[in-house]
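Have a look at the structure below, then the notes.
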Amino acid sequence: DAKTTQPTSMDCAEGRAANLPCNHSTISGNEYVYWYRQIHSQGPQYIIHGLKNNETNEMASLIITEDRKSSTLILPHATLRDTAVYYCIVPLPLSSGSARQLTFGSGTQLTVLP
Amino acid sequence: EADIYQTPRYLVIGTGKKITLECSQTMGHDKMYWYQQDPGMELHLIHYSYGVNSTEKGDLSSESTVSRIRTEHFPLTLESARPSHTSQYLCASGNRGTYEQYFGPGTRLTVT
């Protein structure tokens, strides 16, 4: 997997947008960026993934820079229930013979404050 | 909402006992996974399967074993539980062609 770098922790006020950055400067052309989150004591939850274009779904938006060396996950209106550890993952391409698994790392602890 | 189930949710058991953690999914996913996570620590893959009769070990060495006789079922077995096996065990499933994985609620195992 390409190495990713995320801040250890972030705070966000309830109702405001939460912008979670991720650096992945060694990403190659056919590697996707995946985002998951894990609320305390629960299993991780898939959020979104993208290759080069910006992506949006009902949970979040993913903005990938043009050079693809970094991305930002945006939760447009954070709520207290969005408090979780957020993981940015760049796994090996599925076309790769070594592609097998996700490596979760330590992620960013997002705390949404009332 | 993903349909993946794990039982039991909590288990306290004595050293030396044999245990089986159950995981079932109703989504018809080919791929299934077992992860282990200690409190406050990173998630580590211990087993995965790409289909019936296919199982592989993950990055983290584990004394547990798994089987995949049916697509929807991926149980994990510890032949002789030890205190070092105390952890949370998370099961996940996903389709081929994507890294989208759907996780169960986990089993919190305590071996005394």
Side-chain angles (χ1 to χ4, degrees), chain A residues 1-6 8-9 22 24 27-28 30-51 55 57-60 62 71 81 83-109 111, chain B residues 1-7 9-10 21 23-25 27 29-51 54-60 62 74 87-110:
Chain A
D1 296 4
K3 179 176 169 56
T4 61
T5 304
Q6 298 178 254
T8 303
S9 63
C22 179
H24 31 78
I27 195 170
S28 63
N30 57 350
E31 290 178 329
Y32 283 74
V33 181
Y34 279 75
W35 283 84
Y36 280 77
R37 73 180 183 183
Q38 187 174 22
I39 296 169
H40 181 61
S41 297
Q42 299 182 19
Q45 178 186 22
Y46 164 79
I47 300 173
I48 199 167
H49 72 279
L51 183 63
E55 302 287 345
N57 63 20
E58 65 278 3
M59 287 184 68
L62 174 60
S71 60
R81 287 178 294 181
T83 292
V85 178
Y86 287 78
Y87 300 98
C88 169
I89 306 168
V90 180
L92 287 172
L94 287 165
S95 57
S96 161
S98 304
R100 292 182 180 182
Q101 59 195 287
L102 295 170
T103 302
F104 279 83
S106 53
T108 296
Q109 171 66 58
T111 302
Chain B
E1 196 73 20
D3 295 318
I4 180 162
Y5 309 99
Q6 290 187 244
T7 57
R9 293 291 310 278
Y10 303 91
L21 308 184
C23 175
S24 295
Q25 51 97 3
M27 297 170 283
H29 287 161
D30 288 326
K31 298 194 291 187
M32 295 190 74
Y33 309 84
W34 277 103
Y35 292 85
Q36 184 176 343
Q37 186 176 36
D38 294 332
M41 304 300 285
E42 295 183 13
L43 207 61
H44 292 285
L45 183 71
I46 51 174
H47 298 284
Y48 62 98
S49 167
Y50 279 1
S54 150
T55 61
E56 300 282 348
K57 290 188 179 294
D59 279 347
L60 183 67
S62 173
F74 191 41
S87 190
Q88 183 175 33
Y89 293 84
L90 290 154
C91 181
S93 71
N95 270 324
R96 290 183 184 271
T98 176
Y99 279 106
E100 289 180 49
Q101 295 183 15
Y102 298 92
F103 283 77
T107 294
R108 194 169 296 278
L109 172 67
T110 302

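Naming convention: chains lettered A, B, ... in sequence-line order (proteins, then strands); numbering from 1 in each chain.
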Mind checking the [atom1]-[atom2] spacing from [X] to [Y]? Nearest 0.5 Å is all I need.
X     : Y      : atom1 : atom2 : result
A:I48 : B:E100 : CD1   : CD    : 10.0 Å
B:T98 : A:H49  : OG1   : NE2   : 5.0 Å
B:Y35 : A:L102 : OH    : CG    : 5.0 Å

### Task
Please report the closest heavy-atom contact between B:L90 and A:G43, naming both atoms and the distance.
CD2-CA, 3.6 Å

### Message
Quick check on B:Q88 against chain A: is it the side chain, the backbone, both or neither that has a heavy atom closer than 4.5 Å?
### Response
side chain

### Task
Name the region of B:Q37, side chain, backbone, both or neither, that has any atom closer than 4.5 Å to a heavy atom of chain A.
side chain

### Query
Counting distance only, does the side-chain N/O of A:Y36 pair as donor-acceptor with the main-chain N or O of B:Q101 below 3.5 Å?
yes

### Query
Any donor-acceptor pair under 3.5 Å linking the side chain of A:Y34 with the backbone of B:Y99?
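It does hold such a pair.
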
